[in-house]
Protein chains: 2
Amino acid sequence: MFEVLFSHILDKVSLTVEEMDIIKSFFSHKVLRKRQYLLQEGDVCKYMSFVGKGLLRSYNIDEKGDEHMIVFAWEGWWISDISSFSSGEKAVFNIDAIEDSELLMITPADFEALTLKVPIMDRYFRILFQNSLVTKERRLMSSITHTAEEKYTQLAERNPEIIQRIPQNLIASYLGLAPETLSRIKKNLASRK
Amino acid sequence: MFEVLFSHILDKVSLTVEEMDIIKSFFSHKVLRKRQYLLQEGDVCKYMSFVGKGLLRSYNIDEKGDEHMIVFAWEGWWISDISSFSSGEKAVFNIDAIEDSELLMITPADFEALTLKVPIMDRYFRILFQNSLVTKERRLMSSITHTAEEKYTQLAERNPEIIQRIPQNLIASYLGLAPETLSRIKKNLASRK
DNA sequence: AATCACGCTTGATCCAGATCAAGTTTATTT
DNA sequence: AAATAAACTTGATCTGGATCAAGCGTGATT
């Protein structure tokens with residue numbers, strides 16, 4: 001489990017063996033079965049979780065009961081309601097497992113302690129959040145400026161793994177489309193060439 | 001100029017006088033007149049800029065020539081095309097001044113050097129990006145799940161300064177709405193109570 | 001192997017917000 | 001202070017994608 005985490009961290013910064021031991025000590029391990037919740041709206045988000053294995057999603061549910069996907073996270077990605085995690089306020093998102101998964105989790109207090117004890121982790125997370133910001137900015141632009149079809153083809157180019165791995169109705173929700181619309185788009189694209 | 005920057009940094013982390021001197025040495029100062037460009041699409045974004053005074057916007061322009069606002073930044077905020085800034089690839093965004101402005105700017109190489117020399121700056125930017133991520137996530141959700149009117153009223157609640165300070169057509173673009181639509185929404189809201 | 005449930009498709013209709021087209025008001029520039 | 005150009009409003013019309021409704025596969029569950 002930790003190999004996945006360390007290989008991910010070592011991609012961005014270097015660590016001594018001692019630092020790796022300290023890091024280990026701050027994380028707890030958790031197994032989640034398909035469909036199991038990691039976080040429910042209204043609870044406080046007590047963890048930032050690194051996915052070592054499996055696939056999770058975060059989403060929120062509007063007044064009409066419709067789900068809106070925020071993020072998918074598989075091996076090598078982090079998932080959390082950062083807003084709730086950093087502020088201690090109630091989460092507005094739900095997180096659950098799409099596939100059986102294994103996680104490494106850290107609490108806000110331990111996150112704070114970890115970055116103070118191993119300052120290079122601030123750098124790691126700085127880089128992580130910086131990259132994440134780029135992704136979010138692109139998605140936001142795409143959602144504002146593109147047609148439904150463009151959104152889908154862009155996602156397919158930029159994130160082929162999502163297309164392969166995630167059920168179509170969840171992809172539709174991720175793109176802010178009705179499932180029927182996505183179905184029709186795929187039909188059109190297929191027939192057109 | 002630097003007082004604004006330091007007060008912003010000291011809000012999140014503490015600095016010694018020596019560190020402050022090092023930080024100073026990495027930034028250059030720039031004055032921008034209203035409507036002047038800081039970055040044009042297609043150029044490489046050579047700076048991350050801290051706004052000490054004034055107001056800027058970043059936006060992109062689609063094939064039809066329509067502008068889409070990404071961010072507004074005034075005193076105490078950063079502005080950049082981070083994607084281009086971090087990768088050295090061509091920028092997809094434009095940045096220009098809405099009001100006469102003064103900036104403190106840092107290049108990618110100096111940004112790297114600064115974080116290595118003053119590691120606590122990694123922490124500062126980690127926190128900055130983390131907060132920024134929360135904001136982006138909220139905006140994305142809002143753009144996917146809400147009606148035009150909800151988007152506007154939420155913005156008005158969460159970001160009253162934008163409403164007061166920014167021309168209405170730019171706000172419309174920021175929300176992904178036609179200017180006519182925003183005009184009608186405001187009319188409705190006003191008449192309704 | 002039959003039933004059930006869920007995800008996907010296809011068709012018909014509807015609507016929020018875009019677009020087009022004038023005006024009007026408010027800032028800039030000369 | 002006149003001229004010009006932005007920014008905003010109001011009305012009429014149009015449309016991409018949502019919604020509603022029904023049927024179709026395919027893989028779980030008994």
Side-chain angles (χ1 to χ4, degrees), chain A residues 33-36 55 57 59 61-69 72 96-100 141-156 162-192, chain B residues 33-37 54-55 57 59 61-69 72 96-100 141-156 162-192:
Chain A
R33 305 298 301 281
K34 190 172 173 169
R35 250 160 249 174
Q36 202 178 331
L55 173 61
R57 60 174 183 153
Y59 57 100
I61 301 182
D62 65 23
E63 325 74 54
K64 277 181 278 170
D66 295 340
E67 296 179 352
H68 303 275
M69 296 307 125
F72 300 113
D96 63 23
I98 299 180
E99 302 172 3
D100 291 351
M141 267 307 93
S142 180
S143 115
I144 288 179
T145 72
H146 295 134
T147 63
E149 185 178 309
E150 287 164 345
K151 286 179 207 176
Y152 177 75
T153 50
Q154 265 208 9
L155 181 70
I162 289 189
I163 309 292
Q164 290 150 25
R165 199 158 170 183
I166 311 245
Q168 194 170 310
N169 59 338
L170 300 187
I171 295 178
S173 156
Y174 183 76
L175 294 171
L177 303 176
E180 294 94 331
T181 303
L182 184 52
S183 175
R184 284 184 249 265
I185 285 170
K186 290 184 78 173
K187 192 188 170 192
N188 280 344
L189 287 172
S191 75
R192 204 178 313 158
Chain B
R33 305 297 302 280
K34 188 172 173 169
R35 250 161 247 174
Q36 202 178 332
Y37 279 103
L55 173 61
R57 60 174 182 154
Y59 57 100
I61 301 183
D62 65 24
E63 324 76 53
K64 278 181 277 167
D66 294 342
E67 296 179 352
H68 304 275
M69 296 308 124
F72 300 112
D96 64 23
I98 299 180
E99 302 173 1
D100 291 351
M141 266 310 92
S142 179
S143 116
I144 289 180
T145 71
H146 294 134
T147 63
E149 185 177 310
E150 287 164 346
K151 286 178 206 177
Y152 177 75
T153 50
Q154 264 208 9
L155 181 70
I162 289 190
I163 308 292
Q164 291 151 22
R165 199 158 169 184
I166 313 247
Q168 195 171 308
N169 59 337
L170 300 187
I171 295 177
S173 159
Y174 183 77
L175 294 172
L177 303 176
E180 295 93 331
T181 304
L182 184 52
S183 174
R184 285 185 249 264
I185 285 169
K186 290 184 77 174
K187 191 187 170 189
N188 279 343
L189 287 173
S191 76
R192 206 179 309 158

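So you know, we letter chains A, B, ... as the sequences are listed, proteins then strands, and number each from 1. Side-chain atoms are counted along with the backbone in the values below, which use heavy atoms only and exclude waters and symmetry mates.
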For the pair made of [atom1] in [X] and [atom2] in [N], what is the distance, rounded to whole Å?
{"X": "A:Tyr152", "N": "D:dG17", "atom1": "OH", "atom2": "C1'", "value": "17 Å"}
{"X": "B:Lys186", "N": "D:dC8", "atom1": "NZ", "atom2": "P", "value": "8 Å"}
{"X": "A:Glu180", "N": "D:dC20", "atom1": "CD", "atom2": "C1'", "value": "9 Å"}

So for A:Arg184 and C:dG11, does any side-chain atom that can act as donor or acceptor lie under 3.5 Å from a complementary atom in the base?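 Under the 3.5 Å cut-off, the side chain and the base do form a donor-acceptor pair.
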
Ignoring the backbone of [X], work out which of [options] is nearest its side chain.
{"X": "B:Pro167", "options": "C:dT10, D:dC8, D:dT10", "value": "D:dC8"}
{"X": "A:Asn169", "options": "C:dT10, D:dT9, C:dC8", "value": "C:dC8"}
{"X": "A:Ala148", "options": "D:dT9, D:dG17, D:dA21", "value": "D:dG17"}
{"X": "A:Gln168", "options": "C:dG17, D:dA18, C:dT9", "value": "C:dT9"}
{"X": "B:Lys187", "options": "D:dC20, D:dG11, D:dG17", "value": "D:dG11"}

When we call it a touch if two heavy atoms are under 4.0 Å apart, what does [X] touch: a base, just sugar-phosphate, or nothing?
{"X": "B:Ala178", "result": "base"}
{"X": "B:Leu177", "result": "sugar-phosphate"}
{"X": "B:Lys64", "result": "sugar-phosphate"}

Close N or O pairs between protein and nucleotides 27-29 of chain D (under 3.5 Å):
none

Distances under 3.5 Å only, N/O to N/O: pair up the protein atoms with those of nucleotides 22-30 of chain C.
| unit_1 | atom_1 | unit_2 | atom_2 | d |
| --- | --- | --- | --- | --- |
| C:dT28 | OP1 | B:Lys34 | NZ | 3.2 |

Does atom CZ of B:Arg33 have more than 12 heavy-atom neighbours from other groups under 6.0 Å away? no

Do the side chains of A:Asp96 and A:Arg57 get close enough for a salt bridge, i.e. N-O under 4.0 angstrom?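 Salt bridge: yes.
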
Go through it in stages, so that I can follow the logic: the residues are A:Ile166 and A:Leu55, the test is side-chain contact (heavy atoms from CB on, under 4.5 Å), and I'd like the CA-CA distance, side-chain angles, deciding distance and then a yes or no. CA-CA 9 Å; A:Ile166 311 245; A:Leu55 173 61; 4.0 Å; yes

Side-chain donor or acceptor of A:Ser142 paired with backbone N/O of A:Lys151 under 3.5 Å: no

